[in-house]
Protein chains: 2
Amino acid sequence: MRERRLAEPGAVEAYDAARLAFELGRSVRELRERRGWSQAQLARESGMTQSAVARFEAGGTVPTLPVLERLAAALDVTLRVGFEARGEAA
Amino acid sequence: MRERRLAEPGAVEAYDAARLAFELGRSVRELRERRGWSQAQLARESGMTQSAVARFEAGGTVPTLPVLERLAAALDVTLRVGFEARGEAA
DNA sequence: GAGAGGTATAGCATTGATGCTATGAGCTGG
DNA sequence: CCAGCTCATAGCATCAATGCTATACCTCTC
């Protein structure tokens, strides 16, 4: 079929992903500190290592959904992922 | 520091991830069909290939956030990812 | 039957996130 | 000063998602 991609994978999407990673990291750090947990404690509870938690909280990588789910479970919150119509508020 | 992981990476998390993948795939298929688009068209608009779209819609893989963002942009919807307190409704 | 469009699937290469270990910097309390 | 804790970072191995190409299957139309 010889499809041609119109969107370049390294443009706006990369920026959005980085921003999302940053905000998710901030959220987790906030939830973690609210519980008075160290990175090592959260890592233990979520099946990660302290280095991975640090990397994630700093926004150093774009997290995967399995990781987000494990973090949510450890922090006793619910992970919400979905689409909504443009303009709809939370 | 010698941390010990308590949660096994292949247990409940895997199930949740698969379920999330399945539901996200269903959402995208619904949004795509509502627009009357073929997989190839959506692929073109979102910078993917038809095979990747098919794989994703079938729930064959757990999508990454950059991919979800590109799909959302192509479908003109907003991707929402975040944590919320347990029990809070949408 | 041939052709075209839409979808599913396969195989392989690439890329990136994570696991893992180790270490450094900062800070506090002894 | 030293010990301990916390967080940040580095290097490497592994794994999984995606890109890419090709192909098979189905349905419709001619």
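Residue numbering restarts at 1 for every chain, and letters A, B, ... go by the order of the sequence lines.
- In this structure, CG of Leu65(A) is placed 12 Å from C1' of dA17(C), rounded to the nearest angstrom.
- Remark: the backbone N or O of Ser38(A) is paired with a side-chain donor or acceptor of Gln41(A) at under 3.5 angstrom.
- If you measure from atom CH2 of Trp37(B) to atom C1' of dT7(C), you get 18 Å, rounded to the nearest angstrom.
- As rounded to whole Å, 14 Å separates atom P of dA22(D) from atom CD of Gln50(B).
- Here Ala52(A) lies in heavy-atom contact (under 4.0 Å) with sugar-phosphate atoms only.
- Arg70(B) contributes a side-chain N or O that, together with a main-chain N or O of Gly47(B), makes up a donor-acceptor pair within less than 3.5 Å.
- Between the CG atom of Leu42(A) and the C1' atom of dT6(D) there is a distance of 14 Å, rounded to whole Å.
- Between the CZ atom of Arg55(A) and the P atom of dA22(C) there is a distance of 16 Å, given to the nearest Å.
- Shown here for Val77(B) and Ala85(A), the closest heavy-atom pair between the two residues is CG1-CA, 4.4 Å.
- Using a 4.0 Å cut-off, no side-chain N or O of Ser51(B) falls inside it from OP1 or OP2 of dG19(D).
- Here Val53(B) lies out of heavy-atom contact (under 4.0 Å) with every strand.
- Atom P of nucleotide dT23(D) and atom CD of Gln39(B) are separated by 19 Å, given to the nearest angstrom.
- Here Arg29(A) reaches the OP1 or OP2 of dA8(D): one of its side-chain N or O atoms lies under 4.0 Å away.
- Going from atom CD of Glu57(B) over to atom C1' of dA8(C) covers 11 Å, rounded to whole Å.
- Distance from the side chain of Thr49(A) is smallest to dC20(C) among dC20(C), dT18(D), dC7(D).
- Heavy-atom minimum distance, Trp37(B) versus Arg32(B): O-NH1, 2.9 Å.
- Phosphate proximity of dT18(C) to Thr61(A): present, with a side-chain N or O under 4.0 Å from OP1 or OP2.
- In summary, Glu30(A) and Arg34(A) engage in a salt bridge, as defined by a charged side-chain N under 4.0 Å from a carboxylate O.
- Leu20(A) places its CG atom 15 Å from the C1' atom of dA17(C), with the value rounded to the nearest Å.
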